[in-house]
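Each ligand, and each atom within it, is numbered from 1 in the order the structure gives.
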Amino acid sequence: MKATEIFQVYKDNIMPTYNKVPLIFVKGKGSRLWDINGKSYLDFFPGWGVGNLGHCHPKVMQGVRDQIAKLIFVPNNYYHPFQAKLAKELIYWSFPGKVFFCNSGAEANEGAIKLARKFGASTGGRFEIITFENAFHGRTLATLAATGQKKYQNGFEPMPGGFKQVKFNDINAVKAAITDKTAGIMLELIQGEGGVNIAARDFVQSLRKICDEKKILLIIDEVQTGIGRTAKMFCYQNYGITPDVMTLAKALGGGFPIGAMIARKELGDILTAGMHASTFGGGPVICKAALGVLKAVQKEKLLANCRKTGEYLLGKLNDLKNRHPVIKEVRGMGLMLGLELDIEGKQIVQKCMDAGLLINCTHDKVLRLMPALNTTKKEIDKAVLILNKVLQ
Ligand SMILES: *Cc1c(COP(=O)(O)O)cnc(C)c1O
């Protein structure tokens with residue numbers, strides 16, 4: 001298909017649920033993408049954090065190739081070795097507990113909400129879940145209710161009940177919202193879609209304490225922050241706490257769709273046969289891909305690289321801030337970085353794209369950079385050069 005025909009088919013036959021950029025990509029390797037005309041781009045925003053290893057990582061590709069030749073699908077009423085192996089790896093990297101496998105971030109969060117409700121039902125008829133302003137937890141109805149932002153909910157009301165939004169980083173607001181019906185508190189430690197807002201350490205530790213006291217589940221949504229993005233395997237490991245429930249997706253499959261919900265040991269048997277399920281969840285091909293991702297993070301020392309290159313990029317972005325007053329603040333952790341502007345960021349994203357650099361703008365005024373964890377200083381220099389020119 002030619003480019004013009006592809007655009008036309010999208011227009012005629014695909015639901016317009018995305019704001020589209022007129023680029024057609026056909027090949028990727030590491031932090032590089034090539035479009036249909038052969039033009040190459042530096043990808044500093046690989047799919048909202050899907051591409052922590054960059055595009056087409058060999059460890060992921062090889063594993064998937066091997067597995068596809070042997071067995072593609074196993075129904076979840078049977079066993080297969082790679083789901084077991086992946087669960088063991090995830091528990092090794094996180095905390096003692098049990099995993100539920102699904103296919104996306106929204107599904108992982110939906111599972112966490114169901115688990116919290118089941119837990120609440122058996123401990124005093126509790127069902128409420130407290131979430132935070134500017135959160136993003138997904139697009140299914142329950143996760144949309146948890147997300148709590150009008151711009152995503154408009155036209156889809158009534159929302160499922162049982163969710164309460166409070167101000168992020170405001171422990172008194174949380175305390176005021178807790179009732180004898182509260183079963184869980186759910187949050188991102190860095191709000192990705194909400195503008196790269198970082199949870200304060202004392203806030204998170206206070207949440208942990210309150211949850212312990214009141215037997216409320218602390219649910220951490222690591223869909224965007226997980227798998228090494230913040231220079232720890234999971235972002236909560238920067239905070240000196242352990243969640244009761246953690247959700248994962250995006251980077252876990254190295255580009256293949258997978259979601260996971262992990263609950264600590266005592267909660268591991270709350271959801272039993274018949275209560276929750278996913279036909280494709282944790283299939284052999286996907287698990288093999290995810291095992292490749294975790295192996296690459298370890299073997300290629302990507303947590304250390306993320307810390308090093310993250311600091312390097314942060315330094316460069318702070319230099320940009322000193323040179324361009326349009327940048328109000330630079331913030332982030334590891335390689336999840338945001339530049340808050342005092343103008344709309346759309347045009348800057350567009351101009352960077354024209355110059356061969358892919359970045360994102362969230363919350364209207366926050367440029368978001370989330371390069372692959374194996375990105376190099378040379379690539380960072382190139383990206384910063386483009387950004388500098390565009391800002392000028
Ligand atoms: C992307 C995202 C989700 C939703 O994930 P999907 O795979 O798109 O359903 C949930 N939570 C956070 C923090 C996300 O960034």
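- Annotation: Phe136 places an N or O atom under 3.5 Å from an N or O atom of ligand 1; distance criterion only.
- For the residue pair Asn76/Ser278, the side-chain donor-acceptor check at 3.5 Å is not satisfied.
- Between the side chains of Asn197 and His363, no donor-acceptor pair is found at a separation under 3.5 Å.
- Side-chain N/O atoms of Glu110 and Thr143 include no donor and acceptor closer than 3.5 Å.
- Close approach to Glu188 involves these atoms of ligand 1, each under 4.0 Å from a residue heavy atom: 13 (C).
- Just one residue in the list Lys214, Lys215, Arg208, Lys209 forms a side-chain hydrogen bond (donor to acceptor under 3.5 Å, both in side chains) with Asp212, and that residue is Arg208.
- Between Gln224 and ligand 1, at least one N/O pair is under 3.5 Å apart.
- Under a 4.0 Å heavy-atom criterion, Trp48 is not in contact with ligand 1.
- Side-chain contact annotation: Tyr239 with Asp202, donor-acceptor N/O pair under 3.5 Å absent.
- Using a 3.5 Å distance cut-off with no hydrogens or angles, the side chains of Thr247 and Asn109 do pair a donor with an acceptor.
- Near Asp221, meaning under 4.0 Å from one of its heavy atoms, ligand 1 places the atoms 10 (C), 11 (N), 12 (C), 13 (C).
- If you look at His137 next to ligand 1, the close heavy atoms, those under 4.0 Å, all belong to the backbone.
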Point to revise | Criterion side-chain contact (heavy atoms from CB on, under 4.5 Å) on Phe44 and Ile380, from CA distance to verdict | key: CA-CA 9 Å; Phe44 264 44; Ile380 287 177; 4.0 Å; yes
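- The shortest contact between atom 5 (O) of ligand 1 and any protein heavy atom is with Gly105 CA, 3.3 Å.
- Listed by number with element, the atoms of ligand 1 under 4.0 angstrom from any heavy atom of Asn109 are 10 (C), 11 (N).
- Ranking protein heavy atoms by distance to atom 14 (C) of ligand 1, first place goes to Lys250 NZ, 3.0 Å.
- Annotation: atom 9 (O) of ligand 1 to nearest protein heavy atom, Ala106 N, 2.8 Å.
- Counted by atom type alone, Gln62 and His57 present zero donor-acceptor pairs between their side chains at under 3.5 Å.
- Ligand-side atoms of ligand 1 in range of Ser104: 7 (O), 9 (O), range being under 4.0 angstrom from any heavy atom.
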